[in-house]
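Remarks on the structure that follows.
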Amino acid sequence: MTDPSRPEARSPRGFIDRRARDLAAERAILRAVSAVYERYGFEALETPAFEYADALGKFLPDADRPNEGVFALQDDDEQWMALRYDLTAPLARFAAQNWETLPKPFRRYAFGPVWRNEKPGPGRYREFVQCDADTVGSARPEADAEIIAMAAEGLVAAGVPDGAAILKINSRKLLNGLMASAGVADESQKLAVLRAVDKLDRLGPDGVRLLLGEGRLDESGAFTKGAGLNAAAAERVLAFTAAGAGRGETLSQLSNAIGGSPEGDEGVRDLEAIDRALISLGVGPDRAIFDPSVVRGLEYYTGAVFEAELLLGTTDEKGLPVRFGSVGGGGRYDDLVARFTGERVPATGFSFGVSRLAAALRAAGRQGLEARGPVVVIAFDQSHMADYFAIAGEMRAAGIPAEVYLGASGMKAQMKYADRRLSPAAVIVGEDEFAAGTVTVKDLDLGRALSRGVTDNAAWRAERPGQATVPRADLVTTIRAILDAGA
RNA sequence: GCCGCCUUAGCUCAGUUGGUUAGAGCGCCAGAUUGUGGCUCUGGAGGUCCCCCGUUCGAUCCGGGGAGGCGGUACCA
């Protein structure tokens with residue numbers, strides 16, 4: 001039966017189709033978060049899906065692996081272009097390209113899909129939506145604090161209940177200071193230490209200790225080579241990451257742990273300034289804390305780094321607990337525009353993983369609304385199709401979603417169709433109704449509720465629950481009463 | 001990338017110690033019910049048993065290779 005010449009109907013690996021319910025949740029989040037950003041004075045910007053690959057930075061396609069990390073293709077002039085993997089790199093390109101004419105500091109927000117050519121995982125796709133806000137051209141810690149405050153407000157606007165999310169803040173300068181004081185000078189060893197620290201929440205101190213030292217063997221049997229620190233240095237790193245989970249007291253602990261390295265001290269001063277600004281912005285330690293274990297990526301960031309963690313205790317379809325963890329992150333990146341212009345431009349920003357946030361909220365039951373279908377006008381008598389369209393048009397003119405059934409099936413199947421669309425009502429107009437100048441309106445919501453108590457089909461059909469025949473002129477008011485009752 | 005598990009109907013999965021017509025539940029379509037969604041009953045459609053090669057009289061089942069899926073791990077700008 002399967003013809004090998006026919007294509008198999010399937011979506012590419014790591015890409016998914018999203019239906020009305022998912023889209024409604026996601027669009028609501030985008031609307032709410034965009035409104036917060038605009039209230040803070042950020043302007044909208046949309047850049048193309050494709051950028052020239054060199055503008056995206058690190059992932060220069062070469063002959064061997066042109067698609068590593070990004071989806072890239074060669075234009076007809078032989079130039080490599082690639083789908084953007086985030087919204088920050090395109091912003092840096094835009095800012096550099098238009099620097100002379102932009103009002104500075106330049107504040108913009110953007111949202112849209114980004115693409116990553118990597119192995120998909122649970123809840124992790126190769127195409128997903130981000131919502132991003134950045135300030136380009138301000139080195140002030142208040143710029144970081146403002147971004148953090150907007151992220152906190154954005155979470156609330158998106159529907160995350162108070163106390164269900166926390167913003168965790170750290171500084172790369174602190175981490176660099178830590179390395180200096182722990183005697184880590186080698187660049188690759190630095191990266192290994194950062195990677196190890198980044199896994200603290202997943203592996204715990206013992207796992208991280210192994211990764212800081214010789215290495216770790218995981219349960220699948222795969223071995224991860226460690227950073228090769230000696231025991232004293234490893235303990236020093238662990239002590240640093242264990243410093244508090246608050247703001248003021250954490251800062252003093254951190255400043256002790258760093259022990260006077262110049263870069264570390266600078267990081268402490270930055271965080272102190274951010275703390276003061278957050279207080280004046282009304283963001284307390286219940287919403288944003290300093291957490292020395294936050295690392296965020298590896299190159300790229302030059303100062304403060306932030307991460308939004310969701311604390312909702314959620315469960316999957318099988319009832320197993322799911323930790324959504326990070327739903328967004330960001331930080332200060334002072335060198336990104338300089339890649340284009342040579343001029344160092346301080347910048348800071350934050351990005352929400354919108355798809356992930358929507359999934360988390362839905363899994364937590366905060367966004368449990370099904371997408372409602374339209375009122376369905378039953379195509380009862382083929383010779384009256386024009387009347388059915390007039391009826392649908394009348395409802396649409398009143399702002400009520402409505403459609404005429406356009407399939408070829410009988411009435412029973414049409415009722416089933418309306419039920420599956422989660423339609424609030426069906427409109428039935430047959431010979432009797434036309435003769436009497438009436439329409440029959442069936443309240444499907446009421447029927448859905450009543451059907452739970454009915455066991456006998458004959459009785460169910462005889463009762464015609466929620467069904468009323470009204471004068472044709474009363475159609476819209478009857479439908480609206482049903483809609484209002486359901487709302 | 002590395003490690004492990006898996007692949008049989010649209011979905012979830014049985015099963016054949018290698019033998020002739022490969023099953024269930026759910027879902028779908030239809031009828032019981034000339035104009036009515038749920039329940040119940042009845043009937044129906046739907047399968048190259050992931051692909052290729054090998055062993056065999058014979059492979060969905062055994063062996064080798066490949067692809068795809070899932071999970072872990074690495075990477076994640």
Side-chain angles (χ1 to χ4, degrees), chain A residues 1-4 8-10 12-14 56-60 65 68-70 82 84-90 92 114 116-122 124 126 128 191-192 194-196 198-199 202-203 207 211 215-225 295-301 317-318 326 329-331 333 335-336 339 351 353 373 376 378-381 405 409-423 425-433 440-467 469:
Chain A
M1 219 32 162
T2 309
D3 181 343
E8 191 181 343
R10 54 171 190 162
R13 197 162 81 97
L56 291 179
K58 193 173 149 189
F59 290 91
L60 290 178
R65 310 195 298 176
E68 185 69 13
V70 297
R84 64 186 179 204
Y85 55 77
D86 70 8
L87 296 171
T88 308
V114 302
R116 295 186 186 182
N117 189 1
E118 57 192 20
K119 184 186 147 187
R124 241 179 86 155
R126 298 205 285 176
F128 55 95
L191 292 181
L194 290 179
R195 284 184 193 131
D198 198 29
K199 292 174 180 58
R202 202 152 38 81
L203 302 180
L211 284 174
R216 176 175 176 272
L217 189 69
D218 67 58
E219 64 252 35
S220 77
F223 182 75
T224 310
K225 196 172 179 305
V295 174
R296 293 299 303 169
L298 298 172
E299 250 75 43
Y300 194 111
Y301 292 116
E317 318 75 60
K318 291 170 186 160
S326 172
Y333 51 96
D335 297 327
L336 227 47
R339 289 189 48 247
S351 193
V376 172
I378 301 296
F380 185 80
D381 180 343
Y405 177 80
S409 300
M411 179 159 182
K412 185 182 168 101
Q414 296 189 38
M415 291 302 297
K416 197 165 180 174
Y417 170 82
D419 191 39
R420 286 179 56 173
R421 292 292 305 275
L422 272 181
S423 298
V427 176
I428 304 163
V429 194
E431 283 310 324
D432 297 347
E433 286 86 353
T440 294
V441 175
K442 185 161 179 124
D443 182 341
L444 296 177
D445 280 339
L446 183 62
R448 270 186 274 268
L450 292 175
S451 74
R452 280 195 284 272
V454 177
T455 52
D456 176 54
N457 184 261
W460 160 253
R461 287 163 65 99
E463 278 172 31
R464 309 239 151 127
Q467 189 165 323
T469 298

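Letters A, B, ... mirror the listed sequences (proteins, then strands); counts begin at 1.
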Whole-angstrom distance between rC52(B) and rU16(B), as gauged at atom C1': 23 Å

rC6(B) pairs with which nucleotide, Watson-Crick or G-U wobble, both distances below 3.5 Å? rG68(B)

Nearest heavy-atom neighbours spanning R126(A) and E118(A): CD-O, 2.9 Å

CZ of R195(A) versus C1' of rC75(B): gap in Å, rounded? 7 Å

What nucleic acid atoms does R421(A) come within less than 4.0 Å of, heavy atoms only: base, sugar-phosphate, or nothing? nothing

With P as the reference atom in both, quote the distance from rA24(B) to rG37(B) in angstrom, rounded to an integer. 27 Å

Please measure how far the C1' atom in rU8(B) lies from the corresponding atom in rA14(B), and state the result in whole Å. 9 Å

Identify the nucleotide, in any strand shown, that forms a Watson-Crick or G-U wobble pair with rG23(B), with both distances under 3.5 Å; if there is none, say none. rC13(B)

Do the side-chain N or O atoms of K199(A) get closer than 4.0 angstrom to the phosphate oxygens (OP1, OP2) of rC75(B)? yes

Would you please test T440(A) and R464(A) for side chain to side chain contact (heavy atoms under 4.5 Å, CB included) and show each step? CA-CA 11 Å; T440(A) 294; R464(A) 309 239 151 127; over 6 Å; no

Q467(A) (side chain) and rU36(B) (base): donor-acceptor pair under 3.5 Å: yes

Whether R420(A) contacts rC28(B) is assessed here as follows: a side-chain N or O lying under 4.0 Å from the phosphate OP1 or OP2. Is that the case? yes

So does E433(A) reach the base of rG35(B) with its side chain, donor to acceptor, closer than 3.5 Å? yes

Pairing partner of rG1(B) (Watson-Crick or G-U wobble, both distances under 3.5 Å): rU73(B)

Distance-only donor-acceptor test, R124(A) side-chain atoms vs rC76(B) base atoms, 3.5 Å: yes

When the P atoms of rG71(B) and rG66(B) are considered, how many whole Å apart are they? 23 Å

Length of the CG-P vector between L194(A) and rC75(B), whole Å: 11 Å

Expressed in whole Å, how much space separates the P atoms belonging to rA22(B) and rA59(B)? 15 Å

Contact under 4.0 Å: K412(A) side-chain N or O vs rG37(B) OP1/OP2: yes

Hunt down the Watson-Crick or G-U wobble partner of rA30(B), both distances under 3.5 Å, from any strand shown, or write none. rU42(B)

For rG69(B), does either OP1 or OP2 sit under 4.0 Å from a side-chain N or O belonging to R13(A)? yes

Using atom P of each nucleotide, how far apart are rU36(B) and rA30(B) to the nearest Å? 14 Å

Report yes if a donor N or O on one partner sits less than 3.5 Å from an acceptor N or O on the other, where the partners are the side chain of K442(A) and the base of rU36(B); otherwise report no. yes

